[in-house]
Amino acid sequence: MPACRRCAYPARRGRGAPVHAPADEGRAMANITKRSEDYSRWYQDVIQAAELAENSPVRGCMVIRPNGYAIWENIQATLDAKFKELGHVNAYFPLLIPKSFLAKEAEHVEGFAKECAIVTHHRLKQVVVDGKVTVVPDPDSKLEEEYVIRPTSETVIWDQYRKWIQSYRDLPILINQWANVMRWELRTRMFLRTTEFLWQEGHTAHATAEEGRQETLQMLEVYRWFAEEILAMPVITGAKTANERFAGAVETYSIEALMQDNKALQAGTSHDLGQNFAKAFDVKFQDKEGKVEHVWATSWGMSTRIIGALIMVHSDDDGLVLPPRIAGTKAVIVPIWKSDQEMAEVCAAADRIAAQLRPVVGPVHVDKRDNMRPGWKYAEWEAKGVPLRLELGPRDLAGQQVMMAARHDRRKQAAGFDVLAEAVGAELERIQQDLFDRALKRREENTHVVEAWDDFVDLFANRGGGFAHGHWCGDGACEKRIQDETKVTIRNLPFGRDETPGQCVKCGRPSVGRVVFAQAY
RNA sequence: CGGGGCGUGGCGCAGUCCGGUAGCGCACCUGCUUUGGGAGCAGGGGGUCGCGAGUUCGAAUCUCGCCGCCCCGACCA
């Protein structure tokens with residue numbers, strides 16, 4: 001696999017033929033695979049180029065680098081504020097769960113048993129094998145009851161809620177926790193499915209079924225708001241089918257987004273748990289009439305997976321694209337100079353402008369590095385997804401203006417110093433809106449109404465897939481057959497869906513309305 | 001866990017078939033000149049060739065075992 005003789009551009013790892021850089025061969029830094037060429041490699045390249053995360057020594061776990069973690073911190077800050085606005089409080093429950101807890105709710109065990117990491121010992125012992133010192137679990141330290149590293153916290157939390165709840169006066173309990181969880185996945189992908197991931201999990205307890213239902217729907221609406229307003233990611237809200245429901249839930253609701261490769265991604269879930277966990281953990285309360293009853297529960301979560309969705313919805317072949325509202329750095333100022341004196345003047349002006357902008361638009365970075373030229377910096381900040389670049393050189397200084405360049409559409413325009421804060425604020429708003437509009441347009445262009453099975457198969461096999469609105473008989477077995485034959489699943493039963501009766505796209509039996517089908521992550 | 005591809009300075013790769021003591025581009029460091037879309041020259045630093053055994057006078061290269069990464073399945077969301 002030699003380098004290309006014509007241009008000396010090195011061949012890519014793992015492929016036979018040398019791959020030429022596009023017209024601009026200088027793009028050696030990031031070297032991002034095009035989406036059209038290899039979508040999943042593109043995804044990995046973007047993560048690397050934007051320095052969001054890296055693989056760790058442990059398979060399936062990732063190191064989230066500062067650029068990636070800044071996004072997560074903004075997600076946390078925004079959601080946390082919203083949760084609290086709605087009356088929730090934060091708490092923390094332990095990482096380790098007694099093995100027996102997992103077994104208490106029948107469906108819950110079934111759902112998670114296959115992907116649990118188990119702690120069996122509490123001590124290591126030095127041993128010498130073939131003359132080399134190594135460590136092994138000390139057999140004498142075997143735990144009497146083994147612990148499971150939480151795949152989710154329903155069980156520990158409900159064990160605790162039993163102790164906290166006696167009367168209706170103790171309800172509702174509206175607790176959220178920010179935590180890491182572990183699910184031993186066979187196949188992992190950065191952010192989208194990692195063995196360990198970060199999330200928030202809300203766990204609430206209520207006096208009535210209706211109140212629980214309302215909470216579930218309210219939190220789903222929070223996720224919809226967050227995805228659409230903050231992440232500029234249009235989503236479909238709706239109920240999951242029984243097959244796709246959370247293990248132990250009465251009803252699961254989700255938000256579903258469409259990625260640029262036309263695969264769907266579940267970006268947040270909210271579960272109405274009914275009385276299942278209250279019964280499993282014997283959590284009862286006495287109501288006003290003195291009657292003793294099991295409490296009603298919900299849980300809801302959004303994880304670092306959403307960062308994967310964020311990457312795939314907006315980014316392009318030059319790297320990451322972030323909506324301003326979630327970007328860690330809103331704008332970067334690139335000073336341009338020739339002489340030392342110009343450097344001093346331009347940098348001083350850049351600092352003044354940054355100081356002026358920060359209170360209005362948030363974090364603004366001034367890139368004063370003198371070991372690379374402006375063009376290099378442009379490309380680098382583009383790869384990292386900073387929404388707006390401000391170019392400031394001697395000519396701008398003379399004209400009392402900066403050049404603003406938007407990351408997502410390359411639009412460049414001048415903005416005078418006297419109106420800079422308003423101009424930058426307005427441009428960031430335009431970018432935010434534009435990203436949403438662009439994503440929504442793409443989703444609409446890739447959403448189809450299907451009637452016949454042949455058309456359904458053809459859509460996903462030959463016409464690029466996307467979202468398909470089709471009739472479904474409601475039978476889980478039929479749903480499974482569709483999945484087995486086409487890899488397509490029902491993403492959800494959208495709120496406000498078309499409930500005109502029809503015939504199931506697969507089996508032709510009567511249907512009470514359309515559902516959303518897609519191939520999914 | 002099945003099929004395929006791949007592990008060589010930070011990144012991307014050559015060298016492996018045919019064994020001879022490791023090289024290229026970029027990045028990095030120093031200096032000078034540069035700086036409005038990926039700068040130039042000169043000098044310099046950095047690699048137990050994924051890990052472990054074996055064959056050999058000698059292993060990145062041959063043999064065996066293991067580990068990891070990527071893609072496609074299975075599992076799962």
Side-chain angles (χ1 to χ4, degrees), chain A residues 1-5 7-16 18-19 21-31 33 38-41 43-45 48-49 51 54-60 110-115 129-130 132 151-152 183-190 192-195 197 199 240 243-247 252 254 256 263-269 301 303 305 308-309 318 334-340 342-343 346 368-383 389 391-398 402-403 405 410 412 483-484 487 489 491 520-521:
Chain A
M1 191 190 327
C4 173
R5 289 191 177 81
C7 69
Y9 199 80
R12 272 263 179 60
R13 179 175 53 158
R15 266 178 283 174
V19 175
D24 46 351
E25 290 195 14
R27 186 170 290 178
M29 178 196 77
N31 206 4
T33 304
D38 185 336
Y39 190 83
S40 77
R41 187 180 292 270
Y43 176 72
Q44 293 179 82
D45 287 349
Q48 194 198 331
E51 296 177 357
E54 290 176 358
N55 282 313
S56 79
V58 179
R59 170 205 265 276
E110 204 186 323
F112 287 104
K114 281 175 284 186
E115 47 188 10
V129 178
D130 297 334
K132 283 178 185 161
T152 177
R183 295 180 188 175
W184 212 266
E185 303 287 356
L186 295 181
R187 193 167 154 191
T188 59
R189 305 188 74 184
M190 290 270 197
L192 297 177
R193 176 170 294 108
T194 47
T195 300
F197 57 93
W199 75 349
K240 292 300 237 184
N243 282 338
E244 300 267 333
R245 222 173 257 157
F246 174 73
T252 287
S254 70
E256 303 281 337
K263 285 170 83 172
L265 191 144
Q266 175 178 300
T269 50
S303 74
R305 179 177 225 218
D318 294 321
V334 178
I336 297 155
W337 64 77
K338 285 192 170 67
S339 65
D340 285 356
E342 275 179 0
M343 178 171 93
V346 167
K368 296 183 205 168
R369 291 175 296 178
D370 65 353
N371 60 337
M372 52 189 72
R373 293 158 69 158
W376 178 274
K377 295 181 184 177
Y378 297 171
E380 192 183 280
W381 291 111
E382 281 165 5
R389 178 180 72 242
E391 305 170 9
L392 180 66
R395 293 206 293 272
D396 299 303
L397 213 50
V402 299
M403 289 303 299
R410 307 309 170 93
K412 246 177 162 174
Q483 182 176 0
D484 289 345
K487 309 290 173 216
T489 51
R491 298 325 304 153
Y521 275 99

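So that the names make sense, note that chain A is the first sequence line, chain B the second, and so on, each numbered from 1.
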If you measure from the [atom1] atom in [N] to the same atom in [M], how many Å do you get, rounded?
N	M	atom1	result
B:U61	B:C51	P	11 Å
B:A74	B:A22	P	48 Å
B:C70	B:C24	P	31 Å
B:A14	B:U30	C1'	29 Å
B:A53	B:C69	C1'	23 Å
B:G3	B:G45	C1'	44 Å
B:G58	B:A39	C1'	46 Å
B:G38	B:C75	C1'	44 Å

Using whole Å, report how far [atom1] of [X] lies from [atom2] of [N].
X	N	atom1	atom2	result
A:Glu54	B:C69	CD	P	14 Å
A:Tyr378	B:U35	OH	P	13 Å
A:Asn55	B:G7	CG	P	17 Å
A:Arg187	B:C71	CZ	P	6 Å
A:Tyr521	B:C71	OH	C1'	13 Å
A:Phe112	B:C75	CZ	P	18 Å

Counting any heavy atom closer than 4.0 Å, what does [X] reach on the DNA or RNA strands: base, sugar-phosphate only, or nothing?
X	value
A:Arg389	base
A:Ser40	sugar-phosphate
A:Lys487	sugar-phosphate
A:Gln44	sugar-phosphate
A:Lys114	sugar-phosphate
A:Arg183	nothing

Going by purine N1 to pyrimidine N3 plus the second Watson-Crick contact, or the G-U wobble pair, all under 3.5 Å, which nucleotide sits opposite [N]?
N	result
B:G65	B:C51
B:G58	none
B:U16	none

Problem set entry | B:G38 base / A:Glu382 side chain donor-acceptor hit below 3.5 Å | no
Exercise. Excluding sequence neighbours, so at least two apart, what forms side-chain contact (heavy atoms from CB on, under 4.5 Å) with A:Gln44?
Worked result: none
For this session: Check A:Leu392, A:Ile336, A:Val334, A:Asp396 against A:Val346 for a side chain to side chain contact (heavy atoms under 4.5 Å, CB included) and give me the one that passes.
Result: A:Leu392
Exercise. Taking the nucleotide of RNA chain B with the closest heavy atom to each, which residue, A:Met403 or A:Ala247, is nearer the 5' end?
Worked result: A:Met403
Exercise. Closest nucleotide of RNA chain B for A:Ser339 versus for A:Glu185: which of these residues is on the 5' side?
Worked result: A:Ser339
For this session: Apply ring-ring contact (aromatic ring centres under 6.0 Å, His included) to A:Phe197 and list each qualifying residue two or more places apart in sequence or on a separate chain.
Result: A:Trp199
Check the interface with nucleotides 32-34 of chain B: list each N/O to N/O pair with the protein under 3.5 Å, or write none.
none

Seminar exercise, completed: Which of A:Arg373, A:Arg389, A:Arg369 passes salt bridge (Lys or Arg N to Asp or Glu O under 4.0 Å) with A:Glu380? Answer is A:Arg369
